[in-house]
Amino acid sequence: MAVEKKKLQEESVIRRFYKIILSWDYLALLKEYMKQKEGTAESTLVKVKNRYTDVDDYIATYEPLIFEEAKSQIIKGKEEEEVTYCKLGVVKSWCEADDFHFIEFPCEINEGESISQNDLLLLSRDKQFLDRKRLPTVYAFALVEHVRKYFDTRLVRVRLYLAGEFLKYNTDDVKSCPRLFNMRSHICETERQLYFMKQCSLSTIAREYLAIRTLGCLPYKDLILSAVGEDFGTEVDGWKIPTPLREYVENSFNQYQREAITAGLSSKAFVLIQGPPGTGKTQTILGILSTILHATPTRVHSKTYELRQGPQLPTEEKQRHWGVASPWFSNISPRDSLMPKDGDDGFYPTTGNELKPEAVTSSRKYRARVLVCAPSNSALDEIVLRVLNGGVHDENDRVYCPKIVRIGLKAHHSIKAVSLDELMKQKRSSANKSSTNKQSTAGSNDDSIRAAILDEATIVFSTLSFSGSHVFSKLNRGFDVVIIDEAAQAVEPATLVPLANQCKKVFLVGDPAQLPATVISDIAKNHGYGTSLFKRLMEAGYPVKMLKTQYRMHPEIRSFPSKEFYGDLLQDGDEVKSRTIRAWHDYRCFGPFCFFDIHEGKEAQPSGSGSWINIEEVDFVLFLYQKLISLYPALKSGNQVAIISPYSQQVKLFQKRFEEIFGMSAEKLVDICTVDGCQGREKDIAIFSCVRASKDDGIGFLEDKRRMNVGITRAKSAVLVVGSASTLRRSKRWNKLVESAEKRDCLFKVSQPYSSFFSDDSLASMQKKVAEPSQLIGPTDTVDNDVQPNTAATFDDQAQAEDKTMATWT
Ligand SMILES: Nc1ncnc2c1ncn2[C@@H]1O[C@H](COP(=O)(O)OP(=O)(O)OP(=O)(O)O)[C@@H](O)[C@H]1O
């Protein structure tokens, strides 16, 4: 009954969301957007706060922000879409229901085009409107309900709201509007022609809207609103980690990771874990999974109980103890009835690794069911792969591959074996085999197969957005625990989406000192919409477990970001220094940390782009890269070098120049990416091109400390920053970086021609006095100190190419 009520409430929230958006006037949105660009728009938005008095206060803040973001997605999503196509549909049928109009029309969908459920379309009676040649009078937004096969084409069903335009978000008042009235008369007749254009998908934002509107149903809503949580005490007493597993945790995790893992067994609803770069966030999540799946309530192990009841307690007793040990445990009995007494129930085979698949024994029936989420497919697949490759440790410290399912679209091929689609294929074929034997098809339909797989899974993986999809609403069992990786890279409403799956315990793992979520609307961003739930709780004083030992960077790379972004708290893991020493450290100009002052460089803005380039920095980096690979040829293979820039146009320029000079696709040699695109990655060497170089101007979004943090913490052995010292010194933070390089004698002022900076004499002057050859490791086995002509291009070729490119650009 309660479930039905919840469903009805959700449906009404979503209907209201669609009504508001579908009532919007596209031309008015465009006007508003232009005003915003000119800075003349008036805003009634409220800034995101650290704490909210009640659910109404929360909704009053977030609802307008979500709609603002939706407007930008409609306008900008369209602006940035590479191919926009205007298509023709002829009304085949129409009807009116629940305040909406529904129409169906057949339509050709060509290669490269896609229209799917929840896409927002702009419909118009006149083609000229969509071609922007004439002001229209009959147009409206429409939402795709479904797309079905229809003879050789597709039949598209869309929903429109034509009653009038909404005046405010918090009332149901609408103002009648001729545009919508005209559209109503036009579509309520078959054979009428309509032109339409896809604007954007509303799936994700609709789920986020639903999440904020149903916040009041969450068991920990007060915690989310007030951001108050008690300090971590010794509340793990209720749980026993079996000795072999405890020893594994003690031996394999550092002190901070262990604290985060044991905090996971506390009765706290929310556990926040901050993981600065390379501090083993993913490793810690694997540790949490092992303990949370295999710890048992202390009282189940108590001697008196065993004496009284025998080792096998009655089911109800066991359940009671699980409940006492942790109030977040909510899904014990369904698993009990689903699982066989002993042995594997044939869920799916191994995935090519050496690990044993999970065998379900009676003791394993009592344990948490976990949902692991991440904001993006790539971040999610990274962690799925780690679980697949590394497995989890059981109560006897045996490693095995748990029953996991990756739900959603675009799963990476490396983890396909555990994607829901793949598992369904397997189940379908085994169901078909058995149905031919038994002449029965019962249970073989897709819905029941899907439900069976998801019910059996111990860990389900999904993006934040997909966890709000209909697949989840059909689950028989919810989740006890939700772990959200990269939680600081999600807007708060996105983080709330998976929490609706009945879980009582939430782990937010991420790093607010690195880049936040992408917010399309500048106005919403300025009102704090990009703030993650993690960051808000942390700023409000909610306790955070911070991982402080890093295993990635050479200590000389670690020192500046540690001071600047982490209160000087970062420590180096054992042997990090010896593992990150490389042959190129023989020269001061090849790291571990350097700043190259390209003082003659000039920033420029390619016309029509808001982005920046700096040709001199590109030229210098090409010399730098070529010198490195000629001295250390092993660097040519295996993509060990990253070239990073905050500006997408600079990234494009690097790609173009690499292709010109090396005659092959740049990504075969190096990883060239924007700062925003390289978060989470690591390379042996990272070259960072700052771009901004002017006499008196500012440095734009390069100033953002989170961008700086991500840019300079990707490298294991060398971070080589290339920029204009005089420009960067105008920023307080960048000035500190330049000064830090100066103090450490690794600031190099570089003048043209750049080839002379890397001449034999110049390099000899930068050779360190005491080399440590015995400590050299890694891809330097083939060290060769003679300059080798490169397979693709020599220095002279490069200098010529540089001249050519200069000519093209000037
Ligand atoms: N306790 C530990 N002892 C030794 N090595 C460790 C430990 N924890 C993590 N590592 C190593 O540190 C590296 C980084 O770990 P991991 O990938 O889990 O970090 P991360 O914080 O998720 O990284 P990122 O910053 O890229 O998100 C890995 O090579 C891992 O094996």
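Each ligand, and each atom within it, is numbered from 1 in the order the structure gives.
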**OP:** For atom 24 (P) of ligand 1, find the nearest protein heavy atom and state the residue, atom name and distance (0.1 Å precision).
**Re:** R552 NH2, 3.4 Å
Original post:
For atom 18 (O) of ligand 1, what's the nearest protein heavy atom and its distance?
Top reply: Q283 N, 2.9 Å
Original post:
Is the cationic atom of R369 (NZ for Lys, CZ for Arg) positioned less than 6.0 Å from the six-membered ring centroid of F479 and within 45 degrees of its normal?
Top reply: yes
Original post:
Which option, T282, V576, D485, owns the non-hydrogen atom nearest atom 22 (O) of ligand 1?
Top reply: T282
Subject >> Nearest neighbour in protein (non-hydrogen) for atom 16 (P) of ligand 1 >> reply: G280 CA, 3.6 Å
**OP:** Any chance you could measure F658, atom CZ, to I672, atom CD1, to the nearest 0.5 Å?
**Re:** 5.0 Å
Original post:
Name the one of R582, K716, R579 that satisfies salt bridge (Lys or Arg N to Asp or Glu O under 4.0 Å) with D684?
Top reply: R582
Original post:
Between atom CD of E556 and atom SG of C594, what is the distance when rounded to the nearest 0.5 Å?
Top reply: 9.0 Å
Original post:
What protein heavy atom sits nearest atom 20 (P) of ligand 1, and how far away is it?
Top reply: K281 N, 3.4 Å
Original post:
Among protein heavy atoms, which lies nearest atom 12 (O) of ligand 1, and at what distance?
Top reply: Y551 CB, 3.2 Å
**OP:** Quick one: look up the protein heavy atom nearest atom 14 (C) of ligand 1 and list residue, atom name and how far away it is.
**Re:** G278 O, 4.1 Å
**OP:** Heavy-atom contacts with R386 under 4.0 Å: which atoms of ligand 1 show up? List them by number with element.
**Re:** 16 (P), 17 (O), 18 (O)
Subject >> Atom indices of ligand 1, in the order listed, that fall short of 4.0 Å to a heavy atom of P277 >> reply: 25 (O)
Original post:
Is a side-chain N or O of Q257 found less than 3.5 angstrom from the main chain of N254, in a donor-acceptor match?
Top reply: yes
**OP:** Looking only at protein heavy atoms, identify the closest one to atom 8 (N) of ligand 1 and say how far it is in Å.
**Re:** Q257 NE2, 3.0 Å
Original post:
Of all the atoms in ligand 1, which lie at a distance below 4.0 Å from a heavy atom belonging to S252?
Top reply: 1 (N), 2 (C)
Original post:
Between atom CD of Q571 and atom OH of Y551, what is the distance when rounded to the nearest 0.5 Å?
Top reply: 9.0 Å
**OP:** Output the list of atoms in ligand 1 that are nearer than 4.0 Å to some heavy atom of N254, sorted by atom number.
**Re:** 1 (N)
Subject >> Test item: R707 side-chain N/O and E703 main-chain N/O as donor-acceptor pair under 3.5 Å >> reply: no
**OP:** May I ask you to decide if the ring planes of F253 and Y248 are parallel, tilted or perpendicular, using 30° and 60° as cut-offs?
**Re:** perpendicular
